[in-house]
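Below you'll find the structure, written out as structure tokens, and then a few comments.
Chain identifiers are assigned alphabetically (A, B, ...) following the order of the sequence lines, protein sequences preceding nucleic acid strands; residue numbering begins at 1 within each chain. For the numbers below, each heavy atom of this structure counts, side chains included, while hydrogens, waters and symmetry mates do not.
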There are 2 protein chains.
Amino acid sequence: MSANEIPDIVIRRLPIYLRTLRRMQGLGLESVSSEDLGAHIGVTAAQIRRDFSYFGRFGKQGKGYDIANLADGIQRVLKLDRTWNVALVGFGQLGRAIAHYRGFESNSFRISAIFARNREHIGQEANGVAVMDASAMQEVIPEMGIRIGIIAVPADNAQEVAEQLVDSGVLAILNYAPAIIHVPEHVRVREIDPTSALQSLTFYLESGDQPPDSVFDTSLLPSMAQTRD
Amino acid sequence: MSANEIPDIVIRRLPIYLRTLRRMQGLGLESVSSEDLGAHIGVTAAQIRRDFSYFGRFGKQGKGYDIANLADGIQRVLKLDRTWNVALVGFGQLGRAIAHYRGFESNSFRISAIFARNREHIGQEANGVAVMDASAMQEVIPEMGIRIGIIAVPADNAQEVAEQLVDSGVLAILNYAPAIIHVPEHVRVREIDPTSALQSLTFYLESGDQPPDSVFDTSLLPSMAQTRD
């Protein structure tokens with residue numbers, strides 16, 4: 001199956017499917033219809049069937065998908081049936097939060113090298129990994145066979161770090177810096193960009209809009225009728 | 001201009017345009033062609049012209065866009081010509097990194113209320129904002145007229161926090177928790193989901209792939225021929 005045949009937007013949805021299926025598995029469920037799976041995720045059943053059709057082996061719709069098989073299949077397609085070593089660059093407040101983020105380890109990723117420029121950060125540790133001088137990047141990353149890099153440096157340094165990562169053999173970059181980085185075509189980048197995310201939310205707000213009446217069952221929550229406005 | 005007429009994907013691109021234009025302005029540039037703007041951002045000139053056509057007043061293509069006018073126009077469309085108060089929920093390592101993130105303030109957002117459940121976190125401060133008990137959310141958020149919430153709590157608590165935010169009048173949520181939250185239709189959510197981002201990158205990697213020959217000018221960088229595999 002060539003990567004080029006499958007739209008990137010479909011690939012981006014697979015982790016969401018995987019996470020939802022693993023949660024269902026954890027609840028003891030064995031099969032799920034595309035309707036139910038879609039309802040959990042917020043996409044249509046037709047979309048789910050179309051997405052899975054790219055892979056052609058995810059079981060039959062009708063009596064439902066076998067959850068364990070489907071999750072294992074998606075995990076193989078995403079190459080998550082192994083642990084990927086990841087290099088983190090930057091050990092300021094954000095870098096430290098990323099280094100300690102628990103979501104990665106349980107999901108096939110291990111931050112196994114950390115680099116920083118700030119002398120105060122070098123030699124510190126996170127989860128048993130010592131922070132190295134950024135100048136060691138191009139020696140250590142190829143030695144460890146690392147293909148994935150996380151950029152958590154200030155915007156002004158992001159492009160330079162991206163180039164060092166790419167020159168060290170990194171092929172996939174998760175960029176937390178608020179800067180667009182330019183990389184060769186063979187390198188994939190995903191942006192973590194909270195400011196742009198917020199900026200694209202305010203479009204939908206009105207300065208003077210009022211909160212609507214509660215849409216949740218507030219019987220479980222403290223009353224707020226008096227405090228609202 | 002109704003929000004419903006414009007595809008969300010176009011709205012998501014506007015912050016990128018804005019940031020690029022402000023950077024050009026900072027460099028003293030006065031006008032830019034859609035070709036040059038596109039080249040900086042990595043989209044086609046045709047895409048840029050089509051995106052701007054939704055707003056119908058962003059100046060003439062041909063002799064180029066007036067950078068200041070275009071940036072101001074996008075800023076108005078996104079309603080970023082004011083400061084938005086934001087409520088942050090969660091003050092663990094991630095919450096603290098968000099509270100101290102400098103990108104927000106200079107971009108129309110101010111974290112003006114912070115909530116936590118952990119008693120150790122309550123009473124701590126970030127940028128002069130004291131962390132309040134989460135139970136105060138539904139009193140404080142309406143009082144302050146806050147419409148934007150950031151969720152930085154563990155996955156298991158994310159849905160409950162989302163409901164509390166929505167019931168407090170929040171209409172836009174930035175969700176850092178690795179969980180899909182369900183909200184009413186009138187509420188917009190953007191996800192910050194680094195694990196899914198990484199998981200959708202490994203699809204494009206091969207276990208055995210080798211780094212390609214350097215594509216950057218390595219004359220400025222330490223030699224790495226010896227160390228690379």
Side-chain angles (χ1 to χ4, degrees), chain A residues 3 11-12 14-16 41 77-80 82 84 93-94 96-97 100 103-104 107 109 138-139 142-143 147-148 163-164 166-169 171-172 174 178 180 184 186 188 190 192 194-205 207 209 211-212 214-216 218 221-222 224 227-229, chain B residues 3 11-12 14-16 41 77-80 82 84 93-94 96-97 100-101 103-104 107 109 138-139 142-143 147-148 163-164 166-167 169 171-172 174 178 180 184 186 188 190 192 194-205 207 209 211-212 214-216 218 221-222 224 227-229:
Chain A
I11 301 302
R12 284 171 182 255
L14 294 185
I16 318 283
I41 291 172
V77 164
L78 290 176
K79 305 195 178 81
L80 298 172
R82 51 163 291 187
W84 293 89
Q93 202 140 18
L94 178 62
R96 278 196 296 277
H100 289 105
F104 291 142
N107 288 289
F109 301 98
Q138 299 183 14
E139 187 168 352
E143 259 177 30
R147 296 286 178 267
I148 303 173
E163 296 183 11
Q164 290 172 332
V166 171
D167 265 338
S168 306
L171 298 171
L174 186 62
I180 295 176
H186 70 275
R188 292 261 166 184
R190 301 272 191 248
I192 302 289
T195 301
S196 291
L198 282 177
Q199 290 181 331
S200 72
L201 281 169
T202 46
F203 174 78
Y204 299 100
L205 300 178
S207 308
D209 59 10
S214 177
V215 286
F216 291 115
T218 52
L221 300 166
M224 35 174 268
T227 56
R228 183 183 279 172
D229 293 12
Chain B
I11 301 302
R12 284 170 183 255
L14 293 185
I16 317 283
I41 291 171
V77 165
L78 291 176
K79 305 196 179 81
L80 298 173
R82 52 163 292 187
W84 293 90
Q93 201 141 17
L94 178 62
R96 279 197 295 277
H100 288 107
Y101 184 64
F104 291 143
N107 288 289
F109 301 98
Q138 299 182 17
E139 187 168 351
E143 259 177 27
R147 296 286 177 269
I148 305 172
E163 296 182 12
Q164 290 171 330
V166 171
D167 265 338
L171 299 171
L174 187 61
I180 294 176
H186 71 275
R188 293 260 166 184
R190 302 272 192 247
I192 302 288
T195 301
S196 291
L198 282 177
Q199 289 181 332
S200 72
L201 280 168
T202 45
F203 173 78
Y204 298 100
L205 299 178
S207 309
D209 59 11
S214 176
V215 286
F216 291 114
T218 53
L221 300 167
M224 34 174 268
T227 56
R228 183 186 278 171
D229 291 27

Once rounded to the nearest 0.5 Å, what's the spacing between atom CZ of B:R12 and atom CG of A:L201?
8.0 Å
Full working for side-chain contact (heavy atoms from CB on, under 4.5 Å) between B:I11 and A:Y204
CA-CA 9 Å; B:I11 301 302; A:Y204 299 100; 3.7 Å; yes
Specify the closest pair of heavy atoms between A:T202 and B:L78, including all atoms of both residues, with the distance to one decimal.
OG1-O, 2.8 Å
For B:R147 and A:L205, the nearest pair of non-hydrogen atoms, with its separation, is CB-CD1, 4.2 Å
Mind checking the CG-CG spacing from A:L174 to B:L198? Nearest 0.5 Å is all I need.
5.0 Å
Closest non-hydrogen atom pair, A:I192 against B:P194:
CD1-CA, 4.0 Å
Within the 4.5 Å heavy-atom criterion, are B:T195 and A:P15 side-chain neighbours or not?
no
Minimum heavy-atom distance between A:R190 and B:S200, given as atom pair plus value:
NE-OG, 2.9 Å
Between B:Y101 and A:Q93, is the side-chain contact (heavy atoms from CB on, under 4.5 Å) condition met? List the steps.
CA-CA 8 Å; B:Y101 184 64; A:Q93 202 140 18; over 6 Å; no
